[in-house]
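Data block below; observations after.
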Protein chains: 2
Amino acid sequence: MNLEEVAKLARVSTATVSRVLNNVGPVRASTRARVLKAVEELKYTPNLHARNLAGGKSRTFGMIVSNLENPFFFDVFKAAEQTARAHGFEIVLANTDYDPEHLVRNLRLMLGRRVAGMALVISEMDPAVNQEFAELDIPAVFYDVGSPQHNVANITVNYGKGIERAVHYLHALGHTRMAFVGHHPSLGPLSIRERVFRETVGEFASAIDWKVVASADTIDGGRQATRELLASGLDPTAIICVNDFMALGVLHELRDCGRQVPYDVSVTGFDNIKLAEVAWPPLTTVHIPRDRIGQMMVQVLMTPEASSERGRNFVIDPEFVVRASTGPVRS
Amino acid sequence: MNLEEVAKLARVSTATVSRVLNNVGPVRASTRARVLKAVEELKYTPNLHARNLAGGKSRTFGMIVSNLENPFFFDVFKAAEQTARAHGFEIVLANTDYDPEHLVRNLRLMLGRRVAGMALVISEMDPAVNQEFAELDIPAVFYDVGSPQHNVANITVNYGKGIERAVHYLHALGHTRMAFVGHHPSLGPLSIRERVFRETVGEFASAIDWKVVASADTIDGGRQATRELLASGLDPTAIICVNDFMALGVLHELRDCGRQVPYDVSVTGFDNIKLAEVAWPPLTTVHIPRDRIGQMMVQVLMTPEASSERGRNFVIDPEFVVRASTGPVRS
DNA sequence: TTGAAAGCGCTACCAG
DNA sequence: CTGGTAGCGCTTTCAA
């Protein structure tokens with residue numbers, strides 16, 4: 001089941017079969033028909049490895065994300081894939097579960113596939129990996145991590161602003177004991193959110209008591225963090241979560257512990273995934289335009305090296321979305 | 001950045017470099033070290049296309065699912081991937097969004113990659129595709145669709161039993177007006193669930209009024225179906241959903257319309273995804289062991305052709321899980 | 001223990 | 001419009 005067999009059956013050369021299959025170059029209609037029939041009869045499927053090897057250029061991008069279970073990442077991928085397909089590109093996806101080793105292994109695989117570009121939507125960026133990219137010559141685009149280079153563009157969200165909005169909002173509602181629920185405190189971009197929380201809360205000096213807890217980026221992670229929080233001395237009236245996904249777990253655990261949201265405690269998320277609307281109560285959150293991010297990533301990768309877009313740093317301003325999971329502090 | 005350059009730098013032949021990289025055949029320690037150093041210096045990454053082309057056999061399975069956005073599918077994939085990796089296999093994943101054309105296109109791609117086996121977790125099985133598999137000579141395993149063949153195994157869940165349990169349970173609680181919320185009514189495996197609902201409900205003859213509505217397999221799909229349902233004449237006291245994901249939307253819409261669950265209307269899901277627990281109220285559902293399914297699929301693919309496991313049909317019995325979204329009919 | 005060389009299946013270029 | 005053929009980068013005998 002290779003080109004040659006098809007060629008033999010159609011009584012033409014492999015070159016002609018190739019032309020027909022790729023719709024390239026002139027082929028007489030009758031010849032084309034004969035080839036197509038042979039392909040059909042043999043149920044021939046071109047070997048993509050051979051094709052890539054011979055062809056040289058690839059129409060495939062690689063994307064690596066931290067946690068596909070969290071809809072945030074899937075939404076970005078989905079938008080990216082759509083954009084890519086609209087332009088005749090494929091995207092191969094890999095997941096790291098926040099494990100830097102996983103990241104490296106997956107990256108090797110993608111490079112081995114000779115992808116035409118790499119998109120990273122991760123938090124566990126290893127500095128070594130970051131460096132390696134600079135020396136590579138394929139275009140790359142990072143979300144949330146790394147720094148711009150000649151061949152790598154960056155897209156970031158102004159998390160600070162988002163967290164700030166949340167803290168100010170809650171403060172205005174009278175909250176004085178706040179907690180931040182995060183995950184993977186050791187990872188750079190995540191620690192930024194945590195730090196911003198600390199700093200913003202710090203503005204109010206001793207007017208606000210606060211605490212930071214961390215767990216895994218899962219629903220159960222949110223639950224566990226909440227348990228830890230409730231067991232601690234601080235009896236928070238507001239919980240700010242690093243993302244909506246964990247907030248789902250926080251809401252659940254609070255309910256299990258008999259705390260009413262937002263009457264007893266207010267909760268905010270981050271990302272504004274679909275589930276934030278469906279949650280009960282609907283989650284006050286910070287909107288991150290995943291669609292736009294996915295599209296931008298692909299756009300940047302498809303843009304030729306010389307473009308002024310490459311090597312640039314796009315920053316997106318998030319938008320605060322108030323729903324029912326936050327309210328005035330109980331008096 | 002190819003084998004030859006590495007070979008040149010290490011002053012050995014490409015054959016030796018290959019041996020080192022694949023840990024195969026005898027290589028003097030000093031030689032191996034020299035090669036490794038060269039690889040390091042050149043930041044060499046083997047071209048997987050070339051490798052696959054030359055090597056012949058593949059350690060990659062393909063998996064195609066209908067809707068990655070629905071956690072059910074992701075859970076199956078995740079389990080499969082873990083099992084595969086534990087045995088030195090990769091899994092490449094593709095999504096169809098219930099589009100048969102997508103299915104065919106993705107299948108071609110995977111076959112083009114010469115995968116060592118195919119796992120299909122879909123509902124939109126085209127009979128032509130089904131037939132095509134029989135003629136193919138790679139092992140395959142289908143979940144929920146197709147029929148066993150010499151080279152294809154089937155894993156199915158006894159949906160009938162699950163739906164039956166739900167209907168009986170609701171009937172015992174006094175419900176007499178029930179609705180079934182599904183999606184893609186034209187797709188075989190899905191229509192089975194619908195049919196079972198019809199039949200089971202039929203057992204009670206005129207004692208139960210019922211209706212079937214369908215939408216998309218999304219949260220919003222669940223909402224829309226609910227809207228349609230409420231607008232229809234039937235004022236259901238119980239809604240049975242084809243899966244938990246859509247049930248999430250159903251719960252949401254009911255809330256928006258001022259109906260209390262389960263006081264005004266009971267709701268059941270199917271699958272028992274994590275979100276079913278987190279939903280409010282927690283969803284009564286039917287548990288499907290996604291982990292086990294994912295593992296089984298890979299196991300079957302790795303099993304040699306001759307194994308008695310291939311060509312067989314595994315059927316899994318689901319388990320009914322009662323939570324707070326169902327209750328006695330309001331009197 | 002190592003090297004030379006024959007492919008793997010396909011594309012692309014050059015003739016005709 | 002079509003055929004011949006030189007690689008693409010790697011693995012794998014077969015000899016040395």
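Chain naming here is simple, since letters A, B, ... match the order of the sequence lines and numbering starts at 1 in each.
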Thinking salt bridges, do [X] and [Y] make one under a 4.0 Å N-O criterion?
| X | Y | result |
| --- | --- | --- |
| B:E132 | B:R108 | yes |
| A:R105 | A:E101 | no |
| A:R85 | A:E90 | no |

Round to the nearest Å and state the distance from [X] atom [atom1] to [N] atom [atom2].
| X | N | atom1 | atom2 | result |
| --- | --- | --- | --- | --- |
| A:E4 | C:dG7 | CD | P | 12 Å |
| A:H49 | C:dG9 | NE2 | C1' | 11 Å |
| A:L53 | C:dG7 | CG | C1' | 12 Å |
| A:N47 | D:dC8 | CG | P | 18 Å |
| B:M1 | D:dC8 | CE | P | 14 Å |
| A:E5 | C:dC8 | CD | P | 11 Å |
| B:N52 | D:dG9 | CG | P | 15 Å |
| B:L3 | C:dA4 | CG | P | 14 Å |

Ignoring backbone atoms, establish whether [X] has a side-chain N or O less than 4.0 Å from OP1 or OP2 of [N].
| X | N | value |
| --- | --- | --- |
| B:T31 | C:dT2 | yes |
| A:N2 | C:dG9 | yes |
| A:R28 | D:dC1 | no |

Hey, which sits more toward the 5' end of DNA chain C by its nearest nucleotide, B:S30 or A:V17?
->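 Here B:S30 is the residue nearer the 5' end.
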Mind telling me whether B:F72 and B:Y143 have parallel, tilted or perpendicular rings, with 30° and 60° as the class edges?
->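 Judged by the thresholds at 30° and 60°, the geometry between B:Y143 and B:F72 is tilted.
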Compare all side-chain heavy atoms of B:K43 with those of B:M1 and state whether any distance is below 4.5 angstrom.
->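 When only atoms from C-beta onward are counted, B:M1 and B:K43 do not touch, as no gap falls below 4.5 Å.
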Short side-chain donor-acceptor distance under 3.5 Å, A:Q299 and A:T83 |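 No pair is found: no donor N or O on one side chain lies under 3.5 Å from an acceptor on the other.
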Do B:R32 and B:N23 have side-chain atoms, one donor and one acceptor, less than 3.5 Å apart?
->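 Checked: B:R32/B:N23 side chains pair up, N/O donor to acceptor below 3.5 Å.
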Start at the 5' end of DNA chain D and walk down; is the nucleotide closest to B:L21 or to A:A29 reached first?
->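 So the residue in question is A:A29.
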Between the protein and nucleotides 12-16 of chain D, list every N/O to N/O distance that falls short of 3.5 Å.
residue, atom, partner, partner atom, Å
D:dT12, OP1, B:K57, NZ, 3.2

